[in-house]
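Order of appearance sets the numbers: ligands from 1, and atoms from 1 within every ligand.
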Amino acid sequence: MGQVVLAIAESINIMGTRSGRAMKARTPGPVQEMAREETAAGASYLDLNIGPARKDGTELMPWIVETMEAAIDTPLCLDTTNTDAMTAGFKTIKNKEAAIMNSISAQPERMEKLIPVAAEAGCNVIALLWGRDGMPRDSNERASMSVELLMALNDAGIPNERILFDPIGTPMTLGSEQIMAGLDFMEMLKEIAPGAGSTVGLSNVSNGVAEHLRKHLDRTYLIMLMKTGLTTAIVNSYDKELMAICNGDRQADVDMVHAMMDGNNPDPSTLSGVTLEHYKTYKALSGQVIFSESWLDF
Ligand code: THG
């Protein structure tokens with residue numbers, strides 16, 4: 001077994017067809033079934049994304065938490081931009097210490113409201129590098145945001161080991177410079193916050209790309225992040241190949257992509273199957289070939 005990344009399964013969310021309908025109607029069956037499927041697929045955490053939930057968040061988050069804890073023991077990752085809903089969720093949740101708060105960003109209002117809740121709960125927290133002006137533009141902006149968040153979290157008594165930094169994966173449609181800037185920051189993070197973990201929502205990178213091609217970007221991007229020591233990832237646990245990478249069962253592919261990141265260039269005529277897909281997709285993600293939706297065809 002090779003390098004492992006803990007999977008945070010993303011599919012229970014208010015935008016999803018099956019889960020969204022069940023959450024809105026407060027029907028436990030379908031979301032409990034998904035929770036069992038995600039757990040069986042190897043997820044270490046289940047993300048429960050209720051979105052902004054402006055109308056009923058303080059009621060919906062406790063409902064989904066109770067519904068999950070009645071069905072499975074897998075630790076939960078509470079995902080909402082609604083600070084009142086997050087607070088209500090952490091009041092309800094039984095297994096607080098194993099849970100993740102997703103997320104506290106570098107926006108002053110979120111820091112003020114949520115840091116005390118996280119400190120009180122003794123939970124893990126995702127520190128999202130999203131600031132007053134939105135997405136950071138480069139690795140230096142990510143570094144300054146991470147220092148700001150780290151100091152505020154440490155001051156509240158939350159140790160580095162409880163923090164997962166999320167550098168925010170950028171969509172491939174913004175270009176590979178942005179993707180590489182995110183990876184540069186991940187290297188800097190080791191010195192900024194020794195002992196801290198990290199996470200990335202992999203599907204951000206494939207946002208806006210044709211549906212049938214998205215999984216290839218997500219898989220190779222995960223392998224690239226693993227070189228920087230990524231500890232967790234927010235994933236579609238229904239993608240078996242992606243889960244195999246998380247579980248450390250694709251070490252040969254991981255080694256090949258990492259060697260390419262160090263400047264090695266294997267002969268593609270010796271490669272086949274998913275290994276060849278990783279080769280081609282790495283070339284696109286790193287900007288060595290121009291990105292278009294036919295990048296796998298050459
Ligand atoms: N970082 C952190 N949290 C996050 C994100 C992140 N939470 C939300 C998001 N990004 C991760 N969660 C998802 C959930 C679903 C999808 C993408 C990201 C998704 N769903 C399919 C779709 O929309 O096509 C399928 C939906 C369905 O079931 O029908 O893509 O970056 N900290």
Using the side-chain hydrogen bond (donor to acceptor under 3.5 Å, both in side chains) rule, collect all pairs that involve residues 97-107, keeping only residues at least two apart or in two chains. Asp47-Asn102, Asp79-Asn102, Ser105-Gln107
Ile192 and Phe165, any side-chain heavy atoms less than 4.5 Å apart: no
Check whether any side-chain N or O of Asn204 sits under 3.5 Å from a backbone N or O of Pro171 as a donor-acceptor pair, and report yes or no. no
Under 4.0 Å from ligand 1, residues with heavy atoms, in chain and number order, are Glu10, Asn13, Gly16, Thr17, Asn49, Asp79, Asn102, Ile126, Leu128, Asp166, Gly201, Ser203, Asn204, Ile234
Qualifying salt bridge (charged side-chain N to carboxylate O under 4.0 Å, His left out) pairs with a residue from residues 200-215, counting only residues at least two apart or across chains: none
Ionic contact status for Arg250 with Glu241, cut-off 4.0 Å: yes
Sort and list the pairs that fulfil salt bridge (charged side-chain N to carboxylate O under 4.0 Å, His left out) and have at least one residue in residues 187-210, not counting sequence neighbours. Glu187-Lys190
